[in-house]
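Remarks on the structure that follows.
Residue numbers run from 1 in the order of the sequence given.
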Amino acid sequence: MTQPEPAPTAPLPLYSPVRVRDLLARHGLKPTKSLGQNFLIDGNILRSIAEAGGAESGVPVLEVGPGLGVLTRELASRGARVTALEKDERLKPVLAETLAGLDVNVVWGDALDFDYASLPAGTRVIANLPYYITGVLLSRFMQAPGVLSATVLVQKEVAQRLAARPGQDNYGFLSALAALHGTVRHVRDVPRGAFLPAPDVTSSVVRLDFDRSRPLPDPAFLKFVEAALHHRRKTLRNNLRLAGFEGETVGAALEATGLRPDVRAEDVPLEDLRTLAQRLGIGGPGVIR
């Protein structure tokens with residue numbers, strides 16, 4: 001009596017470590033540390049990132065660094081109109097395989113050279129950002145008028161800095177920059193084992209929502225804030241003197257603003273920095289609400 005043929009097994013999901021290793025081996029690839037290539041292999045985390053980022057039918061989504069297309073597939077399967085920026089052209093045959101049949105626009109090139117101002121209104125960034133250019137990319141997203149939000153996987157330390165408020169240990173220029181453009185929400189932490197290969201640090205998912213009803217901060221004011229927080233443990237007075245402001249002028253402006261002469265930069269609310277900047281002749285939009 002002949003035995004029935006075994007039923008075909010369902011293919012492993014793209015985020016399965018076995019399938020990821022198979023993809024890399026078949027295409028002769030190894031993750032490149034210099035490009036920050038750590039591939040997500042946890043389906044629950046992939047789904048939570050897509051959901052938190054607002055990947056829904058018809059929503060324009062920008063992904064930076066799709067890698068093997070694991071998150072890309074999750075976003076596109078929800079009906080989002082995905083544009084993915086990828087620098088590593090070795091991944092062309094991999095993405096051709098993993099994104100087959102999906103309506104995804106892959107743009108090959110360096111994310112630092114992309115024109116983010118060209119993105120359509122209502123774009124949501126959803127990405128596992130390369131760690132080495134996280135700060136630069138977040139700044140580009142903030143300045144792009146069409147980008148409503150950025151839900152990103154970053155180092156946990158960066159996530160803490162983004163969400164910090166004046167007076168907290170992690171507060172600095174990145175915190176101020178995020179607050180000037182909108183709000184930050186911590187979504188979840190992500191353990192090292194959720195990646196292949198595992199990175200050296202714990203990661204976090206954060207969502208930044210940009211308030212496009214506000215005018216963009218004046219570049220001169222941003223430069224002032226960066227100088228004020230450059231050495232956040234030092235006094236604000238010393239930081240501004242290091243930036244070229246005359247000591248007596250700074251002292252008078254601090255007093256007029258109601259700030260102590262020995263106040264530390266990291267303890268000063270942005271509203272007070274704004275007032276101080278105006279007293280020192282630096283104006284422009286960007287007031288915190």
Side-chain angles (χ1 to χ4, degrees), residues 116 125 134-145 147-152 154-187 204-289:
Y116 293 95
V125 176
T134 293
V136 177
L137 290 178
L138 289 175
S139 178
R140 302 278 176 90
F141 303 154
M142 292 174 191
Q143 296 172 42
V147 176
L148 281 184
S149 67
T151 303
V152 291
V154 297
Q155 290 185 33
K156 185 174 182 178
E157 177 187 352
V158 173
Q160 291 171 333
R161 285 163 53 200
L162 283 165
R165 306 296 294 172
Q168 296 179 341
D169 286 343
N170 293 297
Y171 186 75
F173 179 60
L174 188 60
S175 321
L177 193 63
L180 281 167
H181 288 86
T183 58
V184 180
R185 176 171 68 89
H186 175 271
V187 176
S204 295
V205 180
V206 291
R207 172 166 165 158
L208 294 83
D209 284 278
F210 308 125
D211 184 351
R212 297 306 179 193
S213 68
R214 302 181 192 176
L216 289 175
D218 186 297
F221 178 58
L222 289 180
K223 187 176 180 180
F224 173 83
V225 174
E226 186 173 18
L229 294 170
H230 187 64
H231 301 286
R232 58 193 181 89
R233 301 283 185 187
K234 291 183 180 291
T235 66
L236 178 55
R237 179 189 181 106
N238 282 343
N239 278 345
L240 294 179
R241 289 180 65 184
L242 287 171
F245 291 92
E246 201 276 326
E248 289 186 8
T249 303
V250 172
L254 286 170
E255 183 178 1
T257 307
L259 295 171
R260 302 189 321 271
D262 63 344
V263 67
R264 289 197 307 183
E266 65 179 356
D267 293 329
V268 180
L270 275 168
E271 296 89 339
D272 288 346
L273 278 183
R274 173 78 176 138
T275 301
L276 184 65
Q278 289 174 332
R279 295 188 185 281
L280 291 171
I282 299 167
V287 179
I288 291 297
R289 295 179 181 175

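The shortest side-chain heavy-atom distance between Val147 and Arg212 falls under the 4.5 Å cut-off. When side chains are defined from C-beta on, Leu254 does not count as touching Leu240, because their heavy atoms never get closer than 4.5 Å. Contact annotation: the side chain of Ser175 never approaches that of Asn170 to less than 4.5 Å [non-hydrogen atoms, C-beta and beyond]. Side-chain contact between Val125 and Leu208 is absent, with no heavy-atom pair separated by less than 4.5 Å. Taking the side chain as every heavy atom from C-beta outward, Leu280 and Thr249 approach each other to under 4.5 Å.
At distances below 3.5 Å, not a single donor-acceptor pair connects side-chain atoms of Arg233 with backbone N or O atoms of Glu266. Proximity of a side-chain donor or acceptor of Gln155 to a complementary backbone N or O of Glu157 within less than 3.5 Å is not detected. Side-chain N or O atoms of Asp209 include none that pairs as donor or acceptor with a backbone N or O of Thr183 at under 3.5 Å.
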Chi angles and distances behind the side chain to side chain contact (heavy atoms under 4.5 Å, CB included) call for Leu273, Leu236: CA-CA 10 Å; Leu273 278 183; Leu236 178 55; 4.0 Å; yes
How far apart are the C-alpha atoms of Leu276 and Val268, what are their side-chain angles, what is the distance that settles it, and do they pass the side chain to side chain contact (heavy atoms under 4.5 Å, CB included) test? CA-CA 10 Å; Leu276 184 65; Val268 180; over 6 Å; no
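The two residues Gly167 and Asp267 come nearest to each other via the heavy atoms CA-OD1, 3.3 Å. The two residues Val206 and Ala159 have their closest heavy-atom pair at CG1-CB, 3.5 Å. When all heavy atoms of Ala265 and Asn239 are compared, the closest pair comes out as CB-ND2, 3.5 Å. Nearest heavy atom pair, residue Gln143 against residue Leu216, reads O-CD1, 4.0 Å. Counting all heavy atoms, side chain and backbone alike, Pro166 lies closest to Pro269 at CG-CA, 4.0 Å. Shortest non-hydrogen contact noted between Val187 and Arg207 is CG2-N, 4.1 Å.
Atom NE2 in His181 sits 11.0 Å away from atom CG in Leu138 (nearest 0.5 Å). Atom CG of Leu229 and atom NZ of Lys234 lie 14.0 Å apart (nearest 0.5 Å). The CG atom of Leu270 sits 3.5 Å away from atom OH of Tyr171, with the distance rounded to the nearest 0.5 Å. Here Asp218 contributes atom CG and Arg274 contributes atom CZ; the two are 7.5 Å apart, rounded to the nearest 0.5 Å. Atom-to-atom distance recorded for Arg237:CZ and Leu242:CG is 12.0 Å, nearest 0.5 angstrom. Between the CE atom of Met142 and the CG atom of Leu222 there is a distance of 10.0 Å, given to the nearest 0.5 Å.
Summarising the local packing, NE2 of His230 is surrounded by 12 or fewer heavy atoms from other residues, nucleotides or ligands at distances under 6.0 Å. Annotation for Glu255: atom CD does not count as buried by contact number, only 12 or fewer foreign heavy atoms lying within 6.0 Å. Under a cut-off of 6.0 angstrom, the local environment of CZ in Arg241 is sparse, with at most 12 non-hydrogen atoms contributed by other residues, nucleotides or ligands.
Residues that satisfy the ring pair (Phe, Tyr, Trp, His ring centres under 6.0 Å) test with Tyr116, not counting sequence neighbours, are Phe114, Phe141.
With 3.5 Å as the limit, one finds no donor-acceptor pair spanning the side chains of Thr275 and Glu271.
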